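Just so we're clear, the structure is a prediction, and the values are computed from it rather than from any experiment. A note on names: the letters A, B, ... follow the listed sequences, proteins ahead of strands, and every chain is numbered from 1.
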There are 2 protein chains.
Amino acid sequence: MAGRAAEPEVIWARRERTGRGPRPAYTRADIAAAAVRIADAEGLDAVSMRRVAAELGCGTMSLYNYVARKEDLHELMVDAVGGEHELWEPGGDWRADMLRVAHQTRALMHRHPWLPRLMSPVYGFSPNSLRFVEHCLACLDPLPVSYGTRMELIAMLNAVVTMYVGNELATAERTRALPWSEEQENAVRAAYVGGRLASGAYPRLAAGITENPGPVDMEEVFERMLGRVLDGFDPGD
Amino acid sequence: MAGRAAEPEVIWARRERTGRGPRPAYTRADIAAAAVRIADAEGLDAVSMRRVAAELGCGTMSLYNYVARKEDLHELMVDAVGGEHELWEPGGDWRADMLRVAHQTRALMHRHPWLPRLMSPVYGFSPNSLRFVEHCLACLDPLPVSYGTRMELIAMLNAVVTMYVGNELATAERTRALPWSEEQENAVRAAYVGGRLASGAYPRLAAGITENPGPVDMEEVFERMLGRVLDGFDPGD
DNA sequence: TCGTAGTTACGTACCGCGTACGTAGTGCGC
DNA sequence: GCGCACTACGTACGCGGTACGTAACTACGA
């Protein structure tokens with residue numbers, strides 16, 4: 001009957017400073033930066049409330065004055081690195097501009113390998129996310145399709161980039177905690193898959209591997225993928 | 001100096017029964033089924049080693065005879081529901097067949113809302129995953145492009161479907177643990193975004209919302225997306 | 001045939017996690 | 001200048017993954 005109201009909390013909807021009481025010792029930016037520093041250096045799993053508090057030099061529970069849940073800390077992190085996106089004046093060639101966006105996103109994720117894991121649709125409303133989408137829309141001004149379609153383009157391009165780079169980085173991020181190296185893990189997996197393919201149960205898969213046994217050029221694949229996504233939206237004038 | 005070897009462990013590479021010692025009380029299928037049951041009913045976060053062991057009726061640590069890490073349990077889950085994919089004799093129309101694959105995947109994810117979260121590239125080697133990819137390749141037999149390109153098509157389609165359905169389900173899965181409803185959360189977010197848009201800082205975003213204020217038909221969007229992905233690979237003969 | 005080695009089963013224990021709660025201190029607004 | 005809303009943070013709870021030790025059990029080599 002008593003208890004608390006249990007109203008939905010969206011961190012961006014609450015102003016950072018309320019006026020009353022002692023001035024907070026840290027800003028949201030400070031906290032986000034500390035968390036990002038830890039995640040970059042030690043992986044996302046090292047980002048705990050205690051660890052971030054220690055990094056800041058304050059008590060663990062003090063963090064809860066700034067964020068209601070750990071998840072909000074993640075939102076702060078995503079927004080913070082989203083601010084690293086360089087926004088330029090679109091040049092009129094929407095295809096070139098969107099390619100540049102995609103490459104920038106990929107670079108961002110390489111700088112912060114934990115980012116793909118935190119890329120969630122529900123985080124799409126942070127200040128820097130809004131800015132980013134607005135910038136994409138500006139790049140798409142010359143594209144003669146509805147806003148709805150433009151949004152779909154942006155969503156799809158981001159999804160594909162996130163998935164692609166997530167794949168690129170997954171093993172690396174994963175094996176960070178494990179007692180063996182990425183190469184060892186890959187070797188064991190390759191040996192296992194090789195054995196399965198040799199069983200003859202997957203003829204096409206085997207043929208695919210045979211066709212191109214060497215390591216794939218990931219840059220090339222990425223480029224091709226982007227091209228295909230954009231093709232799907234090109235009215236072809 | 002002593003310690004253990006610390007060799008990479010891939011669960012699929014080790015046979016289920018070794019012959020020596022008492023016969024195991026459960027099969028991998030039993031364990032996977034128990035975990036899936038819990039995840040379906042109570043969400044992925046309810047799937048803990050203790051909880052799964054309780055569901056099976058055995059001691060917690062007994063599970064570690066079957067899986068080396070909790071992550072392996074996740075692999076078992078993904079593989080188990082992957083077995084629900086219905087594989088048919090491809091009919092010669094690769095486009096229709098791949099659309100059917102995509103719709104089936106989406107249905108699978110709706111049945112198991114935790115699946116998108118576990119869809120990781122490193123899980124791509126389980127028996128049922130291999131079967132699934134082989135089946136997709138069979139569907140693509142009529143498509144006159146290299147195996148490499150076919151693999152890229154499969155990867156991209158799966159990525160897009162996973163992202164799309166993940167978005168669809170994210171809030172639902174997320175708010176399961178929270179003390180307020182999905183509708184309340186959405187309302188608060190919408191109010192916040194409305195306020196930001198009213199600030200005038202994001203004119204194109206605002207225009208986009210104005211253009212289509214009603215709720216979007218997600219089915220339609222899904223269909224359009226699939227079409228675009230496939231278009232990108234259609235040589236057009 | 002019979003050890004014995006490789007397994008299974010599982011209780012106990014450790015450490016780290018997110019976070020509820022209570023208390024003390026602080027400074028703006030009335 | 002009083003009071004209240006806020007900050008700071010120590011303590012504690014319950015739960016998580018899992019290392020480790022022990023006891024029972026069974027297929028295999030001698």
Side-chain angles (χ1 to χ4, degrees), chain A residues 2-6 9 11 14-28 30-31 34-35 38-39 42-77 118 174 176-179, chain B residues 2-6 9 11 14-28 30-31 34-35 38-39 42-77 118 174 176-179:
Chain A
R4 66 186 48 202
E9 279 252 3
I11 188 169
R14 197 175 36 174
R15 68 239 145 272
E16 188 162 357
R17 180 96 173 81
T18 47
R20 203 76 80 89
R23 58 179 7 265
Y26 312 98
T27 64
R28 278 182 193 162
D30 292 335
I31 295 170
I38 296 168
E42 304 165 43
L44 184 56
D45 293 336
V47 178
S48 71
M49 296 300 275
R50 288 171 227 260
R51 185 75 183 71
V52 173
E55 181 83 11
L56 285 168
C58 72
T60 305
M61 294 312 289
S62 307
L63 276 188
Y64 283 93
N65 289 320
Y66 302 87
V67 295
R69 279 158 270 113
K70 189 192 178 176
E71 211 193 0
D72 288 347
L73 184 63
H74 287 159
E75 290 210 39
L76 287 182
M77 293 171 68
L118 288 189
R174 215 180 73 82
R176 194 201 282 270
L178 264 32
Chain B
R4 65 185 49 200
E9 279 252 4
I11 188 168
R14 196 176 36 174
R15 68 238 147 271
E16 189 162 356
R17 180 97 172 80
T18 47
R20 204 77 81 91
R23 59 180 2 267
Y26 311 98
T27 65
R28 277 182 192 163
D30 292 335
I31 296 171
I38 297 168
E42 304 165 43
L44 184 56
D45 293 336
V47 178
S48 70
M49 296 300 274
R50 288 171 227 260
R51 185 73 184 72
V52 173
E55 181 83 11
L56 285 168
C58 72
T60 305
M61 294 312 289
S62 307
L63 277 187
Y64 283 92
N65 289 320
Y66 303 86
V67 295
R69 278 157 272 114
K70 191 193 178 177
E71 211 194 359
D72 288 348
L73 184 63
H74 288 159
E75 290 212 38
L76 287 182
M77 293 171 68
L118 288 190
R174 214 179 74 83
R176 193 201 282 270
L178 264 32

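- We find that CG of Leu56(B) is positioned 14 Å from C1' of dC10(C), with the value rounded to whole Å.
- Residue Val52(A) comes nearest to Ile38(A) through the heavy atom pair CA-CD1, 3.8 Å, listed as atom of the first residue, atom of the second, then distance.
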message: Using a 4.0 Å heavy-atom cut-off to protein, can you give one letter per nucleotide of nucleotides 7-14 of chain D, 5' to 3': B if the base is in contact, S if only the sugar-phosphate is, - if neither?
response: SBBBBB--

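- When the P atom of dG16(D) is taken as reference, atom OH of Tyr64(B) falls 11 Å away, rounded to whole Å.
- What you find for Thr60(A) and Ala53(A) is that their closest heavy atoms are CA-CB, 3.6 Å.
- Put simply, CZ on Arg14(A) is 16 Å from P on dA5(D), counting in whole angstrom units.
- Residue Met49(B) contributes atom CE, which lies 14 Å from atom C1' of dA9(C) at whole-angstrom precision.
- No side-chain donor from either of Ser62(B) and Asn65(B) sits under 3.5 Å from a side-chain acceptor of the other.
- Computed from coordinates, the Lys70(A) NZ to dG16(D) P distance equals 16 Å when rounded to whole Å.
- Look at CD1 on Ile38(B): it is 15 Å from P on dC15(D), rounded to the nearest Å.
- Screening residues 59-68 of chain B for salt bridge (charged side-chain N to carboxylate O under 4.0 Å, His left out) gives no qualifying pairs among residues at least two apart or on separate chains.
- Straight-line distance from the CZ atom of Arg15(B) to the P atom of dG6(C): 13 Å, rounded to whole Å.
- Ala39(A) approaches Arg176(A) most closely through the heavy-atom pair O-NH2, 4.3 Å.
- Counting to the nearest Å, the P atom of dG18(C) and the CG atom of Leu44(A) are 11 Å from each other.
- At a threshold of 4.0 Å, the pair Arg69(B)-Glu9(B) does not count as salt-bridged, since none of the basic side-chain nitrogens sits closer than that to a carboxylate oxygen.
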